[in-house]
Amino acid sequence: MVSIAAACLVVAMAATSDEPGGEPIGRVVALSGEVFVTPVGGARAPAVRGVYLREGDLIETGAGKVRLLMTDKSVLSLTADSRLQLTTYRVRPAEKRRNARLTVLAGRLWALVSQAVHPEARYEVESGNAVAGVRGTELVVDADPSGGAAVTVLAGVVELASPAAQETLGARELGRVAEAGAIAIASASEA
(Lines give C-alpha, C1' and ligand atoms only; values in the text may rest on other atoms or scores of the structure.)
Protein backbone atom coordinates (compact mmCIF):
# COMPACT_ATOMS: atom_id res chain seq x y z
CA MET A 1 0.00 0.00 0.00
CA VAL A 2 1.50 3.37 -1.02
CA SER A 3 0.10 6.50 0.63
CA ILE A 4 0.77 10.05 -0.43
CA ALA A 5 -0.12 12.85 2.06
CA ALA A 6 -0.55 16.37 0.71
CA ALA A 7 -2.97 19.28 0.38
CA CYS A 8 -3.52 22.25 -1.87
CA LEU A 9 -6.05 24.88 -2.88
CA VAL A 10 -9.09 23.35 -4.51
CA VAL A 11 -10.80 24.39 -7.71
CA ALA A 12 -14.31 22.94 -7.63
CA MET A 13 -15.98 21.43 -10.68
CA ALA A 14 -19.67 22.00 -11.15
CA ALA A 15 -22.05 19.06 -10.78
CA THR A 16 -25.59 18.36 -9.74
CA SER A 17 -26.24 16.48 -6.53
CA ASP A 18 -28.29 13.78 -8.24
CA GLU A 19 -25.47 12.55 -10.50
CA PRO A 20 -24.43 8.92 -9.96
CA GLY A 21 -21.27 8.60 -7.86
CA GLY A 22 -21.55 12.11 -6.42
CA GLU A 23 -19.60 15.23 -7.30
CA PRO A 24 -16.88 15.04 -9.95
CA ILE A 25 -13.41 14.74 -8.45
CA GLY A 26 -11.48 15.06 -11.70
CA ARG A 27 -11.61 14.47 -15.40
CA VAL A 28 -9.72 12.85 -18.25
CA VAL A 29 -7.68 15.55 -20.00
CA ALA A 30 -5.61 13.40 -22.38
CA LEU A 31 -5.54 9.77 -23.49
CA SER A 32 -4.33 7.50 -26.22
CA GLY A 33 -4.93 3.85 -26.96
CA GLU A 34 -7.10 1.63 -24.75
CA VAL A 35 -8.38 3.39 -21.63
CA PHE A 36 -11.48 2.35 -19.68
CA VAL A 37 -13.49 3.77 -16.77
CA THR A 38 -15.69 1.63 -14.53
CA PRO A 39 -17.90 3.71 -12.23
CA VAL A 40 -19.14 2.32 -8.91
CA GLY A 41 -22.13 0.12 -9.72
CA GLY A 42 -21.72 0.79 -13.42
CA ALA A 43 -20.40 -0.92 -16.50
CA ARG A 44 -16.86 -0.65 -17.85
CA ALA A 45 -16.77 1.75 -20.79
CA PRO A 46 -14.11 3.29 -23.03
CA ALA A 47 -12.85 6.59 -21.62
CA VAL A 48 -13.11 9.77 -23.65
CA ARG A 49 -11.39 13.10 -23.23
CA GLY A 50 -13.36 15.36 -20.89
CA VAL A 51 -15.22 12.59 -19.05
CA TYR A 52 -15.70 13.45 -15.38
CA LEU A 53 -14.47 11.03 -12.74
CA ARG A 54 -16.09 10.33 -9.40
CA GLU A 55 -15.11 8.74 -6.14
CA GLY A 56 -14.89 4.96 -6.53
CA ASP A 57 -14.21 4.96 -10.28
CA LEU A 58 -11.70 2.42 -11.62
CA ILE A 59 -9.38 3.62 -14.40
CA GLU A 60 -7.71 0.93 -16.55
CA THR A 61 -5.26 1.21 -19.40
CA GLY A 62 -4.64 -1.59 -21.85
CA ALA A 63 -2.26 -0.62 -24.63
CA GLY A 64 -2.86 3.03 -23.79
CA LYS A 65 -2.13 5.85 -21.39
CA VAL A 66 -4.20 8.53 -19.67
CA ARG A 67 -3.73 11.85 -17.87
CA LEU A 68 -6.19 13.04 -15.23
CA LEU A 69 -6.67 16.52 -13.77
CA MET A 70 -8.18 16.38 -10.30
CA THR A 71 -10.35 19.14 -8.79
CA ASP A 72 -7.50 20.21 -6.50
CA LYS A 73 -5.16 20.67 -9.50
CA SER A 74 -3.24 17.43 -8.83
CA VAL A 75 -2.24 15.72 -12.07
CA LEU A 76 -2.15 11.92 -12.39
CA SER A 77 -0.91 9.85 -15.33
CA LEU A 78 -1.14 6.12 -15.92
CA THR A 79 0.99 4.20 -18.41
CA ALA A 80 -0.02 1.09 -20.36
CA ASP A 81 -1.35 -1.93 -18.45
CA SER A 82 -2.19 0.03 -15.30
CA ARG A 83 -5.19 -0.02 -12.97
CA LEU A 84 -6.07 2.83 -10.57
CA GLN A 85 -9.03 2.98 -8.17
CA LEU A 86 -10.13 6.48 -7.09
CA THR A 87 -11.13 5.09 -3.70
CA THR A 88 -11.71 8.37 -1.83
CA TYR A 89 -11.26 11.94 -3.02
CA ARG A 90 -12.91 14.55 -0.83
CA VAL A 91 -12.02 18.20 -0.99
CA ARG A 92 -13.30 21.13 1.04
CA PRO A 93 -12.24 24.28 -0.82
CA ALA A 94 -13.31 26.77 1.86
CA GLU A 95 -11.13 25.00 4.44
CA LYS A 96 -8.35 24.14 1.97
CA ARG A 97 -8.56 20.49 3.01
CA ARG A 98 -8.36 17.27 1.09
CA ASN A 99 -8.67 13.62 2.04
CA ALA A 100 -7.70 11.44 -0.90
CA ARG A 101 -6.98 7.76 -1.20
CA LEU A 102 -6.00 6.17 -4.50
CA THR A 103 -5.23 2.49 -5.01
CA VAL A 104 -2.73 1.47 -7.66
CA LEU A 105 -3.69 -2.13 -8.44
CA ALA A 106 -1.11 -2.61 -11.20
CA GLY A 107 1.24 -0.65 -13.40
CA ARG A 108 2.72 2.82 -13.08
CA LEU A 109 1.26 6.04 -11.70
CA TRP A 110 2.99 9.41 -12.07
CA ALA A 111 1.61 12.05 -9.68
CA LEU A 112 2.24 15.76 -9.31
CA VAL A 113 0.82 16.71 -5.91
CA SER A 114 0.68 20.38 -4.93
CA GLN A 115 2.03 21.92 -1.73
CA ALA A 116 -0.01 21.34 1.41
CA VAL A 117 -2.09 24.27 2.63
CA HIS A 118 -3.59 22.57 5.68
CA PRO A 119 -1.56 20.37 8.04
CA GLU A 120 -4.33 17.76 8.37
CA ALA A 121 -4.85 17.33 4.62
CA ARG A 122 -3.99 13.85 3.37
CA TYR A 123 -3.29 12.26 0.01
CA GLU A 124 -2.76 8.51 0.03
CA VAL A 125 -1.87 6.10 -2.73
CA GLU A 126 -2.00 2.44 -1.80
CA SER A 127 -0.12 -0.24 -3.64
CA GLY A 128 0.98 -3.66 -2.50
CA ASN A 129 2.32 -3.37 1.04
CA ALA A 130 3.85 0.16 1.12
CA VAL A 131 2.71 3.60 2.27
CA ALA A 132 4.34 6.88 1.14
CA GLY A 133 3.36 10.27 2.58
CA VAL A 134 4.23 13.42 0.59
CA ARG A 135 3.71 17.19 0.58
CA GLY A 136 4.23 19.12 -2.62
CA THR A 137 5.84 16.27 -4.45
CA GLU A 138 6.31 14.77 -7.88
CA LEU A 139 6.73 11.02 -7.82
CA VAL A 140 6.26 7.75 -9.66
CA VAL A 141 4.67 4.68 -8.07
CA ASP A 142 5.22 1.26 -9.66
CA ALA A 143 2.91 -1.49 -8.45
CA ASP A 144 4.09 -5.06 -8.82
CA PRO A 145 1.18 -7.52 -9.11
CA SER A 146 3.07 -9.83 -6.70
CA GLY A 147 2.72 -7.25 -3.90
CA GLY A 148 5.97 -5.28 -4.09
CA ALA A 149 6.13 -1.57 -4.89
CA ALA A 150 8.68 1.05 -5.91
CA VAL A 151 8.43 4.79 -5.26
CA THR A 152 10.67 7.22 -7.13
CA VAL A 153 10.73 10.79 -5.82
CA LEU A 154 11.37 13.30 -8.60
CA ALA A 155 10.91 16.39 -6.38
CA GLY A 156 9.98 16.90 -2.73
CA VAL A 157 10.02 14.47 0.18
CA VAL A 158 8.17 11.18 0.71
CA GLU A 159 7.67 9.19 3.89
CA LEU A 160 7.68 5.58 2.69
CA ALA A 161 6.38 2.96 5.09
CA SER A 162 5.54 -0.73 5.05
CA PRO A 163 4.42 -3.10 7.81
CA ALA A 164 8.13 -3.79 8.50
CA ALA A 165 9.91 -0.43 8.00
CA GLN A 166 9.71 3.32 7.47
CA GLU A 167 12.10 5.56 5.51
CA THR A 168 12.23 9.16 4.28
CA LEU A 169 13.01 9.62 0.59
CA GLY A 170 14.23 12.88 -0.91
CA ALA A 171 14.40 14.12 -4.47
CA ARG A 172 15.98 11.66 -6.92
CA GLU A 173 15.71 8.73 -4.50
CA LEU A 174 14.06 5.39 -5.13
CA GLY A 175 12.52 3.21 -2.45
CA ARG A 176 11.70 -0.42 -3.23
CA VAL A 177 9.36 -2.29 -0.91
CA ALA A 178 9.69 -6.07 -1.06
CA GLU A 179 6.78 -8.43 -0.49
CA ALA A 180 8.00 -9.01 3.08
CA GLY A 181 7.99 -5.24 3.73
CA ALA A 182 11.74 -4.50 3.71
CA ILE A 183 12.59 -1.11 2.15
CA ALA A 184 15.73 -0.64 0.04
CA ILE A 185 16.76 2.90 -0.92
CA ALA A 186 18.93 3.87 -3.89
CA SER A 187 19.63 6.90 -6.02
CA ALA A 188 17.01 7.12 -8.77
CA SER A 189 19.86 7.41 -11.28
CA GLU A 190 21.10 3.94 -10.16
CA ALA A 191 17.75 2.30 -10.87
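Keep in mind that what you see is a predicted model, and the values were worked out from it rather than measured.
Between the side chain of Arg54 and the main chain of Glu23, no donor-acceptor pair closer than 3.5 Å is present. At distances below 3.5 Å, not a single donor-acceptor pair connects side-chain atoms of Thr137 with backbone N or O atoms of Gly156. A donor-acceptor pair is defined here as one N or O able to donate and one able to accept, closer than 3.5 Å; such a pair exists between the side chain of Gln85 and the backbone of Gly56.
Rounding to the nearest 0.5 Å places CG of Leu31 at 11.5 Å from OG of Ser77. Remark: Leu68 CG to Leu78 CG distance equals 6.0 Å, nearest 0.5 Å. One distance of note links CZ of Arg101 with CZ of Arg90; it measures 11.0 Å at 0.5 Å rounding. The structure places CZ of Arg92 at 13.0 Å from CZ of Arg98, a figure rounded to the nearest 0.5 Å. Atoms OG1 and CG, on Thr103 and Leu84 in that order, are 7.5 Å from each other to the nearest 0.5 Å. To the nearest 0.5 Å, atoms CG (Leu109) and CG (Asp142) are separated by 9.0 Å.
Between Ala143 and Val104 the shortest heavy-atom distance is CB-CG1, 3.5 Å. Taking every heavy atom of both residues into account, Gly107 and Ser82 meet most closely at CA-OG, 3.3 Å. When all heavy atoms of Leu102 and Tyr89 are compared, the pair lying nearest together is CD2-CD1, 3.9 Å. The shortest heavy-atom contact between Glu179 and Asn129 is O-ND2, 2.7 Å. Of all the heavy atoms in Arg176 and Ala150, the pair that sits closest is NH1-CB, 4.0 Å. The two residues Leu160 and Ile183 have their closest heavy-atom pair at O-CD1, 3.6 Å.
Tracing side-chain contacts under 4.5 Å through hydrophobic residues (I, L, V, M, F, W, Y), one reaches Leu154 starting from Leu112; they form part of the same cluster. In the hydrophobic cluster analysis, where Ile, Leu, Val, Met, Phe, Trp and Tyr join through side-chain heavy atoms closer than 4.5 angstrom, Ile185 is grouped together with Val141. The cluster map of Ile, Leu, Val, Met, Phe, Trp and Tyr, joined by side-chain heavy atoms under 4.5 Å apart, puts Leu58 and Ile25 in different clusters. Residues Leu53 and Leu105 do not share a hydrophobic cluster, clusters being chains of Ile/Leu/Val/Met/Phe/Trp/Tyr side chains in contact below 4.5 Å. Hydrophobic clustering, with ILVMFWY side chains joined whenever heavy atoms are under 4.5 angstrom apart, keeps Leu86 apart from Phe36.
Each of Leu76, Val113, Val91, Val75 was checked for a side chain to side chain contact (heavy atoms under 4.5 Å, CB included) with Met70, and the lone residue meeting it is Leu76.
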* To do: Carefully, step by step, assess Thr79 and Thr61 under the rule side-chain contact (heavy atoms from CB on, under 4.5 Å).
  => CA-CA 7 Å; Thr79 61; Thr61 60; 5.9 Å; no
* Could you please spell out the steps behind the side-chain contact (heavy atoms from CB on, under 4.5 Å) verdict for Lys65 and Val35? => CA-CA 7 Å; Lys65 56 187 176 179; Val35 179; 6.0 Å; no
* Can you check side-chain contact (heavy atoms from CB on, under 4.5 Å) on Val48 and Val28, steps first, answer last? -> CA-CA 7 Å; Val48 294; Val28 173; over 6 Å; no
